[in-house]
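Keep in mind that this is a model prediction, so the values were computed, not measured.
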Amino acid sequence: AEMNCSQQEYEVFISLENVQLWWCHDYGKPYLYQLHITTLFNQQTKVFPLGIRKIELNTEKDEFGHNFQFILNNTPIHCKGSNMIPM
């Protein structure tokens, strides 16, 4: 018999120390942790990949107008590729 459970949201705060950060291509290793979540109701466990990183978008004013630069783990990164705006 299958039991019908209602969906609920929970918020959990975790303090982490000395973590290995996730980096994008050419900047470092894209380190992933395994997050194991076990339900209290039926003791089922699911495993999810978890990358820890800090990403910011710098849009400060500059000599051309405004920056549009991503900063990953306090390191400015350069995204490859370009966008062309037709004349």
Any heavy-atom pair between the side chains of [Y] and [X] that's under 4.5 Å?
X     : Y     : answer
His36 : Phe48 : no
Thr45 : Gln43 : no
Glu56 : Lys54 : yes
Ile52 : Tyr31 : no

Nearest-0.5 Å distance that lies between atom [atom1] in [X] and atom [atom2] in [Y]:
X     : Y     : atom1 : atom2 : answer
Gln20 : Leu32 : CD    : CG    : 10.5 Å
Ile37 : Lys46 : CD1   : NZ    : 10.0 Å
Cys24 : Lys29 : SG    : NZ    : 15.5 Å

Could you check whether any side-chain N or O of [X] sits under 3.5 Å from a backbone N or O of [Y], counting only pairs where one atom can act as donor and the other as acceptor?
X     : Y     : answer
Asn58 : Phe68 : no
Thr39 : Gln44 : yes
Asn67 : Gln69 : no

Please find the pair of heavy atoms, one from [X] and one from [Y], that lie closest to each other, and give the distance.
X     : Y     : result
Leu72 : Trp23 : O-CZ3, 3.6 Å
Ile77 : Tyr27 : CA-OH, 3.4 Å
Tyr33 : Val19 : OH-CA, 3.4 Å

Val47-Trp22 co-clustered via ILVMFWY side chain contacts under 4.5 Å: no
Check for me, please, whether Leu57 and Ile71 land in the same ILVMFWY cluster - side-chain distances under 4.5 Å, paths through other members count. no
Over 12 non-hydrogen atoms of neighbours within 6.0 angstrom of CD in Glu63: yes
